[in-house]
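What follows is a short report on a single structure.
Numbers restart at 1 for each chain; the letters A, B, ... are given by sequence-line order, proteins then strands.
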Amino acid sequence: MSDADTHTQPAPRDFIRDIVLEDLRAGRHSRIVTRFPPEPNGYLHIGHAKSICLNFGIAVEHAGICHLRMDDTNPTKEEVEYVESIQHDVNWLTAGWAEDRLGLKSKGALPVSQSVQGRPDFHIEAIAAAPGRTLEPFYASDYFPQFYDYAIGLIRRGSAYVCDLSPADTDAYRGAPDRPGRNSPFRDRSPEESLDLFQRMKAGEFPDGARTLRARIDMASPNVWLRDPVLYRIRHAEHHHTGNAWCIYPMYDFAHCVSDYIEGITHSICTLEFEVHRPLYDWILNKLELPRPLPHQYEFARLNLTYTVMSKRKLLQLVKERRVSGWDDPRMPTLAGLRRRGYPASALRQFCRGIGVTKYSGTTDVGLLENCVRQELNRTAPRRSAVLNPLEVILDTYPEGEGEMLDALNNPEDSAAGTRHVPFSRRLYIEREDFLENPPKKFFRLAPGQEVRLRYGYIIRCDRVEKDAEGNLLRLHCSHDPATRGGNTPDGRKIKGTIHWVSADHCVCAPVRLYDRLFTRENPEEAGDFLDCLNSDSLQTVSAHMEPALADTPPGGRVQFERLGYFFADPVDSRPGAPVFHRIVGLRDSWAKTAAS
RNA sequence: UGCCCGAUGGUGUAACGGUAGCACAACAGACUCUGGAUCUGUUUGUCAUGGUUCAAAUCCAUGUCGGGCAGCCA
């Protein structure tokens, strides 16, 4: 889908959008504010694209805004490399679609203290881009001072306490899902003592793990997340954004809901595994007795795709163990990988629109994604010819040393795309698979004594097969019908097969990387180690023979190699005049299906 | 075996008490200078059992199956 089409398509409907609609109807918000809050501990993948499309989509549909926020409360796992990659990927995916809904803030901006209904309050808002203003994403870590303030409020009200239990004891006291926990011996510590201890935790008086700040809720709750969850832990670690300013760090559950509140988020949309955290999300915000309207959390099913893995841990493992060339390896389901493979952002958006948003955790057929690329590229990609696996053809009837230029359509789907000249000569290459010495029925390509059309060329007949002493196929000798120049049949004769070709005397060679799915099993995690079903043939590099025009493919350009698939000039490895191609996806091939059966 | 959530063709989804529809896949055919594209048609579905109702995929109950939850990760 082109960007224009993305805008003109009707807005999708799903249960979350219904809630937003209803909230708007009921006048609960003057403006919708969503957020996309990745933790910068890895690269974004296509599952994140689903979330981005949802959150930014809602903002687009209601003239709202979607904050990009680094959920960076764990200094030991997060890195600047990841925050940069996340920004890049979000910009790429939203470009031409939702970039004007991207909520950022002035570089270095922090929440402001204000008074609402006579009560102190913290707030930060997205600002519009303006000349001379450098913008950056929101960072949860920018709110550490506010989190600290709010935590003190909780302690004062008796809703939180400092606990001296070790990590192991904390676990033991928590009980199990079917067994209630026990109160910590420190649960009834006075607010004054907790306050003092919490201040000293912040001051760095205690080692990692020595103490925590905990919410005082209910150790017998059937929801384990309500059994006095840890709110703060001690980590003497340098943080990518706050440096060494802090040695206590808030936990997700505390930081996330408060971040949403500070930013004025109306709808906090996350994946299903946080469903059991929602009571805690609401509990914290309620205990804080905040003056402004509270955000609400909604959960949807994360994306699962066949023949790939989506967990950051596993993707990181593939990168670390060099099973792939990096986070942007074209076989990776990361946005960086898909981009480098050649997927247009609009195709990813179209995919996300197509899969919908529900609470059912299913697995989407990767074919759906591939279909979205084909659908878009069929309309937009210029056609070219390239031969991946060459077989030489000599036209004995064609004059030696001569050649001519033939006209070829750039895109039959787009009359405005025009035509180009392709050189023709006596010596050609065709695809080896397009010739069979003993063809089965309904094989409409080249075979001894059989006719075939060279696309935009001539009708040729195979007269003789030349082999070496071992009987290996060397080349084909064919004759052409001069009356069929351009591929036409003035006599009205029907030619079933048309194959692609390049002139051996004019063609250029370029590397083509043929990618296949990374895993051989639909669900790589279902049995044992997911690495066991790594597809050893997921990358094959060939030197392809191409029509000369292909040498000028600009880096980042997408073309269709006729009858083969859609290809992308890799922006990283291509050089001027020397492109390196990636197969994005093959064309549908109904012959392959019948041939197989 | 505690709590939460879910279940519609092979896959993903729609139907918001009133005709089970769409996309992908599959199959068949038409058309075609890409065995591409396009077009037409076909196959396949409401987890089960009860209940409420004139009427249930939809509401209720029970069961079955699936997912999630016991980090000082997010």
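If you measure from atom CZ of A:Arg420 to atom P of B:rU34, you get 14 Å, rounded to the nearest angstrom. In this entry the distance linking CG of A:Asp218 with C1' of B:rC3 reads 13 Å, nearest Å. The CG atom of A:Asn378 sits 11 Å away from the P atom of B:rG36 (whole-angstrom rounding). To the nearest angstrom, P of B:rG36 lies 13 Å from CG of A:Leu564. Look at CG on A:Asn523: it is 13 Å from C1' on B:rG67, rounded to the nearest Å. Straight-line distance from the CD1 atom of A:Ile355 to the P atom of B:rU11: 16 Å, rounded to whole Å. Remark: P of B:rU13 and CZ of A:Arg353 are 16 Å apart, rounded to the nearest angstrom. Spacing between atom CZ of A:Phe15 and atom P of B:rC5 amounts to 13 Å, rounded to whole angstrom units.
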Determine, for nucleotides 69-74 of chain B in 5'-to-3' order, which nucleotides have protein heavy atoms under 4.0 Å from the base (write B), from only the sugar-phosphate (write S), or from neither (write -). SBSBSB
Could you check A:Gln87 against A:Met70 for side chain to side chain contact (heavy atoms under 4.5 Å, CB included), going step by step and ending with a plain yes or no? CA-CA 10 Å; A:Gln87 292 181 74; A:Met70 298 300 151; 4.2 Å; yes
Would you sketch RNA chain B in dot-bracket for me? Only Watson-Crick or G-U wobble pairs with both distances under 3.5 Å count, crossing pairs as [ ], other-strand pairs as |, the rest as dots. .((((((..((((....[..)))).(((((.......)))))....(((((..]....))))))))))).....
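Base contact: A:Pro412 has a heavy atom under 4.0 Å from a base atom. Counting any heavy atom pair closer than 4.0 Å across all strands shown, A:Arg453 reaches a base atom. Residue A:Arg278 is classed as having no contact, given no heavy-atom separation below 4.0 Å to the nucleic acid. Using a 4.0 Å heavy-atom distance criterion, A:Phe561 is classed as making no nucleic acid contact. Contact annotation for A:Thr363: backbone-only contact, meaning every heavy-atom pair under 4.0 Å involves sugar-phosphate atoms and none involves a base. Among the atoms of the strands shown, base atoms are found under 4.0 Å from some heavy atom of A:Glu562. Residue A:Lys496 is out of contact with every strand shown, counting any heavy-atom pair closer than 4.0 Å. Nucleic acid contact class of A:Glu370 (heavy atoms, under 4.0 Å, all strands): none. Counting non-hydrogen atoms under 4.0 angstrom, A:Tyr360 reaches the backbone sugars and phosphates but no base.
Aromatic rings from A:Tyr232 and A:Phe198 are positioned such that their centres are separated by under 6.0 Å. Separation of the A:Phe138 and A:Tyr143 ring centroids does not fall under the 6.0 Å cut-off. Taking the six-membered ring for Trp and the full ring otherwise, the centers of A:Tyr252 and A:His256 sit less than 6.0 Å from each other.
Taking the C1' atoms as reference points, B:rA20 lies 34 Å from B:rG36, given to the whole Å. Across the C1' atoms, B:rU19 and B:rC24 are found 25 Å apart, a figure rounded to whole Å. Between B:rG45 and B:rC4, the distance separating the two P atoms is 34 Å to the nearest Å. Between the C1' atoms of B:rG12 and B:rG51, the separation comes to 32 Å (whole Å). When the P atom is used for both B:rU42 and B:rU8, the distance is 24 Å, rounded to whole Å. Taking atom C1' on both nucleotides, B:rA25 is separated from B:rU43 by 12 Å, rounded to a whole Å. Spacing between B:rC22 and B:rG9 at atom C1', rounded to whole Å, works out to 13 Å. Taking atom C1' in both B:rC47 and B:rG66, the straight-line distance is 11 Å, to the nearest Å.
Checked by distance alone, A:Glu413 brings no side-chain donor or acceptor within 3.5 Å of a matching partner on the base of B:rU38.
For A:Arg420, the CZ atom is densely surrounded, since the number of other residues' heavy atoms within 6.0 Å is greater than 12. Annotation: A:His236, atom NE2; neighbour count of heavy atoms from other residues, nucleotides and ligands within 6.0 Å is above 12.
A donor and an acceptor atom, one from each side chain of A:Glu299 and A:Thr271, are nowhere located under 3.5 Å apart.
Aromatic ring pairs are classed by plane angle as parallel below 30°, tilted from 30° to 60° and perpendicular above 60°; the pair A:Tyr43 and A:Trp327 is parallel.
Comparing B:rG35, B:rG36, B:rC24 against the side chain of A:Phe443 picks out B:rG35 as the nearest.
The salt bridge (charged side-chain N to carboxylate O under 4.0 Å, His left out) search around A:Asp14 returns A:Arg17, not counting sequence neighbours.
Taking 4.5 Å as the limit, every side-chain heavy atom of A:Arg379 sits out of range of all side-chain heavy atoms of A:Asp414.
Within the 4.0 Å cut-off from OP1 or OP2 of B:rG35, at least one side-chain nitrogen or oxygen of A:Arg563 is found.
Here the closest heavy-atom approach between residue A:Phe519 and residue A:Thr308 is recorded as CD1-CA, 3.9 Å.
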